Enquirer: 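First, the structure itself, so that you have it in front of you.
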Amino acid sequence: MTELAAVKSALRTQAVETPSWAYGNSGTRFKVFAQAGVPRDPWEKLADAAKVHEFTGVAPTVALHIPWDKVEDYAALAKHAEEHGVKLGAINSNTFQDDDYKLGSICHPDAAVRRKAIGHLLECVDIMDATGSTDLKLWFADGTNYPGQDDIRERQDRLAEGLAEVYQRLGEGQRMLLEYKFFEPAFYATDVPDWGTAYAHCLKLGEKAQVVVDTGHHAPGTNIEFIVATLLREGKLGGFDFNSRFYADDDLMVGAADPFQLFRIMYEVVRGGGFGPDVAFMLDQCHNIEAKIPAIIRSVMNVQEATAKALLVDRSALDAAQRAGDVLEANAVIMDAYNTDVRPLLASLREDMGLDPDPIAAYRRSGWAQKIAEERVGGQQAGWGA
């Protein structure tokens with residue numbers, strides 16, 4: 001098998017999970033801009049997600065967010081997804097939009113509030129059982145704004161206790177993915193602020209607990225690929241939330257701010273054996289001003305392009321240069337792969353898969369945007385908190 005054939009074969013196996021909430025209205029703390037044709041419920045979100053998979057061929061699952069995607073019959077929702085050619089993916093919990101969580105959720109000083117939060121997480125596992133989902137994704141807004149507001153160590157104890165209870169509820173083939181974020185909305189101390197804290201909790205919990213790396217959840221200058229390499233080495237990288245940041249957690253399209261960083265991350269994924277079903281590639285983005293579906297298609301394509309370049313790195317030449325201490329040659333091998341125009345390769349791959357070589361153009365010709373704008377009139381559009 002030639003090198004290009006091997007790369008195409010690997011890319012055929014790639015899967016990028018899209019988030020249900022990215023199809024709804026979103027924005028900043030100043031304004032949420034509504035768009036025509038935005039889904040009004042989870043059923044319509046899945047119909048849009050199916051279009052992304054139809055034109056890319058590599059977006060077969062859709063993550064749900066509870067309670068934003070709460071329905072009476074989750075088995076029926078799963079069947080609806082399959083009828084549209086996709087499946088339900090990770091179940092994302094929400095312990096940050098209830099008034100009771102002002103001082104935290106499972107780290108809250110009040111045991112009653114902690115019990116409420118844990119109850120919600122257990123409900124999410126029930127939903128996993130009903131939908132066939134294997135991943136419970138947890139992100140906590142818990143933290144404090146002022147020194148002395150609460151006991152930092154006790155909050156870690158509460159976190160560990162709550163996570164342990166939920167962990168014990170996980171069934172066969174299910175896992176817990178713990179996300180971290182270094183600030184916001186807590187300004188003084190965030191309870192899960194970095195990969196080390198997340199890793200420490202997951203290590204204590206057991207094999208079913210792994211860390212999620214959100215590419216927007218890092219301070220400027222952070223070497224994210226080092227974190228990825230380390231977590232892969234330890235067998236604790238569970239997945240990604242892909243997006244881009246210029247300043248903070250901007251949730252822009254993946255690869256938009258720094259495509260070279262995305263390439264470097266994907267190289268470490270390939271190098272560390274993370275290119276497979278054990279590491280979930282998920283998008284977590286807010287499309288504030290751009291059209292939702294084309295933006296998600298473009299994001300999937302950006303991940304594909306970075307992955308293709310990572311697969312093209314000449315590992316033998318790189319290894320030889322590294323062992324010889326040839327700094328410039330080693331860097332040149334990396335840069336040669338990054339500077340390769342992989343768009344023709346991906347266009348050829350899509351044609352091999354029976355797809356249009358240009359997913360964005362194919363979507364625009366499909367008329368789906370006009371169809372949903374005409375049909376989805378009335379009712380409450382989905383968005384933050386809905």
Side-chain angles (χ1 to χ4, degrees), residues 64-67 70 90-130 133-214 217 227 230-231 234-239 241 280:
L64 298 185
H65 203 294
I66 307 300
K70 199 165 188 175
I91 304 300
N92 292 254
S93 63
N94 183 324
T95 56
F96 54 85
Q97 283 193 313
D98 192 291
D99 285 345
D100 285 344
Y101 300 142
K102 181 172 67 174
L103 300 180
S105 59
I106 67 171
C107 300
H108 199 286
D110 188 331
V113 176
R114 296 200 298 275
R115 174 47 46 195
K116 175 179 177 176
I118 292 170
H120 168 68
L121 302 184
L122 295 174
E123 176 193 13
C124 287
V125 181
D126 292 339
I127 294 171
M128 293 170 65
D129 292 340
S133 171
T134 59
D135 293 344
L136 171 66
K137 190 143 69 70
L138 307 178
W139 172 74
F140 298 106
D142 292 40
T144 56
N145 281 3
Y146 296 98
Q149 178 183 323
D150 200 359
D151 189 283
I152 292 176
R153 178 164 176 162
E154 283 189 14
R155 292 181 73 89
Q156 288 297 309
D157 291 341
R158 298 168 200 155
L159 175 63
E161 182 179 350
L163 290 176
E165 181 176 345
V166 178
Y167 184 88
Q168 291 302 317
R169 170 64 182 82
L170 294 175
E172 188 68 27
Q174 294 178 340
R175 61 180 182 167
M176 172 187 292
L177 303 181
L178 182 59
E179 190 175 346
Y180 59 90
K181 186 176 183 180
F182 77 106
F183 86 110
E184 193 189 41
F187 299 121
Y188 171 63
T190 300
D191 291 317
V192 190
D194 51 43
W195 70 274
T197 304
Y199 171 74
H201 281 282
C202 288
L203 190 64
K204 188 172 183 179
L205 287 167
E207 293 183 356
K208 292 182 179 181
Q210 294 179 301
V211 180
V212 168
V213 175
D214 184 306
H217 286 190
I227 298 170
T230 302
L231 289 173
E234 298 298 324
K236 280 297 184 181
L237 179 63
D241 272 0

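Worth saying up front: this structure is predicted, and the values here are computed from it rather than measured.
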Enquirer: Rounded to the nearest 0.5 Å, what separation is found between the CG atom of Leu163 and the CD1 atom of Ile118?
Expert: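 One gets 8.5 Å once the value is rounded to the nearest 0.5 Å.
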Enquirer: Can you see which heavy atom on Leu103 is nearest to which on His108, and at what distance?
Expert: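 Heavy atoms only, the tightest pair is CB-NE2, 3.5 Å.
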Enquirer: Examine the side chains of Thr144 and Asp150 and answer whether a donor and an acceptor come within less than 3.5 Å of each other.
Expert: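 There is no such pair (donor and acceptor under 3.5 Å, judged by atom type) between the side chains of Thr144 and Asp150.
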Enquirer: Using 0.5 Å steps for rounding, measure from the CD1 atom of Ile91 to the CD atom of Gln174.
Expert: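 If I round to the nearest 0.5 Å, the distance is 10.0 Å.
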Enquirer: Mind checking the CG-SG spacing from Leu136 to Cys124? Nearest 0.5 Å is all I need.
Expert: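 That separation rounds to 6.0 Å.
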Enquirer: Listed by chain and number, what are the salt bridge (Lys or Arg N to Asp or Glu O under 4.0 Å) partners of Asp110, not counting sequence neighbours?
Expert: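 Here no residue qualifies.
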Enquirer: Roughly how far, to the nearest 0.5 Å, is the NE2 atom of His217 from the CD atom of Glu184?
Expert: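 The CD atom of Glu184 sits 8.0 Å away from the NE2 atom of His217.
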Enquirer: Which residues pass the side-chain contact (heavy atoms from CB on, under 4.5 Å) test with Phe187, sequence neighbours left out?
Expert: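 Asn145.
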Enquirer: Ala280: what forms a side-chain contact (heavy atoms from CB on, under 4.5 Å) with it, not counting sequence neighbours?
Expert: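 side-chain contact (heavy atoms from CB on, under 4.5 Å) list for Ala280, sorted by chain: Asp135, Arg175, Met282.
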Enquirer: Could you measure the distance from the CG atom of Asn94 to the CD1 atom of Ile66? Nearest 0.5 Å is fine.
Expert: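 Here the rounded value is 9.5 Å.
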Enquirer: What are the two closest heavy atoms between Leu122 and Val166, and how far apart are they?
Expert: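 Scanning both residues completely, I find the closest heavy atoms to be CD2-CA, 4.0 Å.
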Enquirer: For Lys70, check salt bridge (Lys or Arg N to Asp or Glu O under 4.0 Å) against everything at least two apart and list the hits.
Expert: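 Testing Lys70 for salt bridge (Lys or Arg N to Asp or Glu O under 4.0 Å), a comparison that skips the adjacent residues, returns Glu123.
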Enquirer: Taking only residues two or more places apart in sequence, or in another chain, which ones meet Gln149 in a side chain to side chain donor-acceptor pair (under 3.5 Å)?
Expert: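 Expected list: none.
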Enquirer: Atom CD1 of Ile106 and atom CD of Glu165: how far apart are they, to the nearest 0.5 Å?
Expert: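 Here the interatomic distance stands at 10.0 Å.
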Enquirer: The criterion is side-chain contact (heavy atoms from CB on, under 4.5 Å); which residues satisfy it with Ala130, sequence neighbours excluded?
Expert: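 Scan of Ala130 (side-chain contact (heavy atoms from CB on, under 4.5 Å), adjacent residues dropped) gives Tyr74.
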Enquirer: Establish, yes or no, whether a centroid distance under 6.0 Å links the rings of Phe96 and Trp139.
Expert: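 Phe96 vs Trp139: aromatic centres under 6.0 Å.
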Enquirer: With sequence neighbours excluded, what pairs up with Lys236 under the side chain to side chain donor-acceptor pair (under 3.5 Å) test?
Expert: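 Here no residue qualifies.
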Enquirer: For Asp157, check side chain to side chain donor-acceptor pair (under 3.5 Å) against everything at least two apart and list the hits.
Expert: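 Once residues adjacent in sequence are excluded, Asp157 has no partner under the side chain to side chain donor-acceptor pair (under 3.5 Å) criterion.
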Enquirer: With sequence neighbours left out, write down each residue that passes side chain to side chain donor-acceptor pair (under 3.5 Å) with Asp151, or none if nothing qualifies.
Expert: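 Partners of Asp151 by the side chain to side chain donor-acceptor pair (under 3.5 Å) criterion come out as none, since no residue qualifies.
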Enquirer: Determine, for Glu154 against Arg158, whether the closest basic-nitrogen to carboxylate-oxygen distance falls under 4.0 angstrom.
Expert: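 Result for this pair is yes, salt bridge flagged.
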Enquirer: Just jot down the side-chain contact (heavy atoms from CB on, under 4.5 Å) partners of Ala209, sequence neighbours excluded, or say none.
Expert: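 Scan of Ala209 (side-chain contact (heavy atoms from CB on, under 4.5 Å), adjacent residues dropped) gives Tyr167, Cys202, Leu205.
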Enquirer: Suppose we screen for ring pair (Phe, Tyr, Trp, His ring centres under 6.0 Å). Which residues come up paired with Phe140, at least two apart in sequence or across chains?
Expert: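 In terms of ring pair (Phe, Tyr, Trp, His ring centres under 6.0 Å), with neighbours along the sequence ignored, Phe140 is linked to no residue.
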Enquirer: Without placing hydrogens or testing angles, list every side-chain donor-acceptor pair under 3.5 Å for residues 193-201, not counting sequence neighbours.
Expert:
unit_1: Asp194; atom_1: OD1; unit_2: Gly196; atom_2: N; d: 3.3
unit_1: Asp194; atom_1: OD1; unit_2: Thr197; atom_2: N; d: 2.8
unit_1: Asp194; atom_1: OD1; unit_2: Thr197; atom_2: OG1; d: 2.8
unit_1: Tyr199; atom_1: OH; unit_2: Glu234; atom_2: OE1; d: 3.3
unit_1: His201; atom_1: NE2; unit_2: Gln156; atom_2: OE1; d: 2.7

Enquirer: For Asp214, is there an ion pair with Lys181 - N to carboxylate O distance below 4.0 angstrom?
Expert: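 No, this pair does not count.
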